[in-house]
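From a predicted model like this one, the values you see are computed outputs, not experimental measurements.
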Amino acid sequence: MKKISLLTAAAVMSVAFTGIAKAADLPQRPAYKAAPIAAPMMYNWSGFYLGINGGYGWSNQCIDITAINGIGGVFAEGCNSKGGGIIGGQLGYRWQAGQLVYGLEAQGDWANIRNTRISAQDPTRTYKSTLAGLGLFTAQLGYAANEALFYVKGGGAVGSQDFAIIDNVSGTGLAFANRTRWGGVVGVGFEYGFSPNWTAGIEYDYLWRVNESNTFLTPSLGRITSITANTKTDASLLALRLNYKFGY
């Protein structure tokens with residue numbers, strides 16, 4: 001009996017070792033790894049861009065008469081606010097560092113922001129001014145949330161402004177002047193990239209200028225040959241923008 005048991009155990013061990021040897025000769029199963037999750041593509045705000053803008057502007061203008069025929073005196077004509085349309089274009093360049101976006105931009109607009117008031121000193125006359133053209137030269141600082149960009153801007157502004165004194169009885173102009181004036185501008189905007197190259201947005205800008213003295217020659221007023229006035233003009237602009245961004 002002991003002999004038979006030993007033979008049986010030896011046979012079992014032989015089969016086991018044979019199975020282990022065959023298993024060792026089998027090719028190894030390839031190791032499978034889960035595919036890495038692709039990181040979401042970040043919108044690229046860097047590069048040159050060119051675009052158009054259009055909207056509406058409001059002008060607040062104050063006038064004080066400081067001299068008539070060169071003789072000093074202060075006659076307050078008060079302030080008045082009126083509005084009109086703007087349309088133009090812009091070009092610029094942006095640099096992106098992470099979620100921060102830096103930029104420089106130049107913008108030019110045709111404007112028709114008219115402001116009129118009847119003289120407080122002489123109701124037969126009307127003072128009229130027209131902000132006819134605007135130029136903005138600004139730096140930008142923005143925060144990008146992928147396709148969305150929030151930014152602030154600031155810099156210099158230049159405006160072409162026409163002045164006139166109108167006779168209310170005849171409707172004729174008594175005096176005219178044109179000035180190109182510099183001031184400052186600050187603004188805030190939102191822009192969205194709806195394709196790799198196209199963006200659309202909305203922007204608000206506030207323009208201001210310090211007081212400036214102007215002398216109007218008025219030969220049509222008979223004995224009044226000149227009027228000197230201090231003028232101050234502020235403007236607010238709200239515009240929609242569409243830009244094409246070069247590159248990707």
Side-chain angles (χ1 to χ4, degrees), residues 45 49-64 76-95 99-117 127-145 148-164 177-193 199-214 229-243:
W45 287 96
Y49 62 90
L50 179 68
I52 58 174
N53 69 80
Y56 198 79
W58 299 263
S59 170
N60 182 62
Q61 187 184 81
C62 303
I63 293 180
D64 292 324
E77 292 289 354
C79 302
N80 196 23
S81 296
K82 292 289 179 63
I86 61 170
I87 188 170
Q90 64 274 347
L91 60 89
Y93 188 88
R94 287 177 174 141
W95 300 263
Q99 290 183 290
L100 292 179
V101 179
Y102 310 88
L104 295 172
E105 183 181 274
Q107 175 179 328
D109 285 271
W110 170 85
N112 189 30
I113 304 175
R114 297 184 177 182
N115 200 319
T116 59
R117 77 182 54 73
Y127 292 98
K128 177 182 176 182
S129 72
T130 303
L131 196 56
L134 294 168
L136 310 182
F137 305 92
T138 55
Q140 294 182 359
L141 175 61
Y143 177 84
L149 176 66
F150 304 86
Y151 62 89
V152 294
K153 63 189 291 187
V158 60
S160 175
Q161 198 164 18
D162 299 323
F163 296 92
N178 176 271
R179 298 290 186 271
T180 298
R181 301 181 168 190
W182 283 90
V185 57
V186 292
V188 60
F190 168 76
E191 204 163 323
Y192 186 81
T199 68
I202 186 170
E203 182 177 290
Y204 168 79
D205 296 304
Y206 173 71
L207 290 70
W208 74 91
R209 185 185 57 77
V210 297
N211 287 343
E212 184 174 88
S213 180
N214 295 281
N230 278 343
T231 61
K232 180 181 179 181
T233 303
D234 300 334
S236 294
L237 311 177
L238 184 64
L240 298 176
R241 293 158 57 98
L242 179 67
N243 287 329

Problem set entry | Of Tyr204, Tyr206, Trp208, the residue whose pairing with Ser236 passes side chain to side chain donor-acceptor pair (under 3.5 Å) |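 Going through Tyr204, Tyr206, Trp208 one by one, the side chain to side chain donor-acceptor pair (under 3.5 Å) with Ser236 is satisfied by Tyr204 alone.
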If you round to the nearest 0.5 Å, how far is [atom2] of [Y] from [atom1] of [X]?
{"X": "Ile202", "Y": "Asn53", "atom1": "CD1", "atom2": "CG", "result": "11.5 Å"}
{"X": "Thr199", "Y": "Asn243", "atom1": "OG1", "atom2": "CG", "result": "4.0 Å"}
{"X": "Leu131", "Y": "Asn115", "atom1": "CG", "atom2": "CG", "result": "10.0 Å"}
{"X": "Asp234", "Y": "Trp58", "atom1": "CG", "atom2": "CH2", "result": "14.5 Å"}
{"X": "Arg241", "Y": "Glu191", "atom1": "CZ", "atom2": "CD", "result": "6.0 Å"}
{"X": "Ile86", "Y": "Leu238", "atom1": "CD1", "atom2": "CG", "result": "8.0 Å"}

Ignoring hydrogens, what is the shortest heavy-atom contact between [X] and [Y]? Give both atom names and the distance.
{"X": "Ala106", "Y": "Phe137", "answer": "CB-CD2, 4.0 Å"}
{"X": "Trp45", "Y": "Ala148", "answer": "CZ2-C, 4.1 Å"}
{"X": "Ala157", "Y": "Gly184", "answer": "CB-O, 4.2 Å"}
{"X": "Gln161", "Y": "Ser129", "answer": "NE2-OG, 4.1 Å"}
{"X": "Gly156", "Y": "Val185", "answer": "O-CG1, 3.6 Å"}

Problem set entry | Intermediate values then yes/no, side-chain contact (heavy atoms from CB on, under 4.5 Å), Arg114 and Thr116 | CA-CA 7 Å; Arg114 297 184 177 182; Thr116 59; 5.5 Å; no
Problem set entry | Working for side chain to side chain donor-acceptor pair (under 3.5 Å), residues Tyr151 and Glu203 | CA-CA 9 Å; Tyr151 62 89; Glu203 182 177 290; 2.6 Å; yes
Problem set entry | Parallel, tilted or perpendicular: rings of Trp95 and Tyr93 (30°, 60°) | perpendicular
Exercise. Applying the side chain to side chain contact (heavy atoms under 4.5 Å, CB included) test to Asp205, which of Asp109, Leu136, Leu134 qualifies?
Worked result: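 The side chain to side chain contact (heavy atoms under 4.5 Å, CB included) with Asp205 is passed solely by Leu136 among Asp109, Leu136, Leu134.
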For this session: Could you check Thr138 against Gln107 for side-chain contact (heavy atoms from CB on, under 4.5 Å), going step by step and ending with a plain yes or no?
Result: CA-CA 9 Å; Thr138 55; Gln107 175 179 328; over 6 Å; no
Problem set entry | Side-chain donor-acceptor pair present, Tyr49, Gln90, cut-off under 3.5 Å |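 No pair is found: no donor N or O on one side chain lies under 3.5 Å from an acceptor on the other.
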Exercise. For atom NZ of Lys128, is the number of surrounding heavy atoms from other residues, nucleotides or ligands below 6.0 Å larger than 12?
Worked result: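 No, not enclosed.
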For this session: Please step through side-chain contact (heavy atoms from CB on, under 4.5 Å) for the pair Leu149 and Phe190, ending with a clear verdict.
Result: CA-CA 6 Å; Leu149 176 66; Phe190 168 76; over 6 Å; no
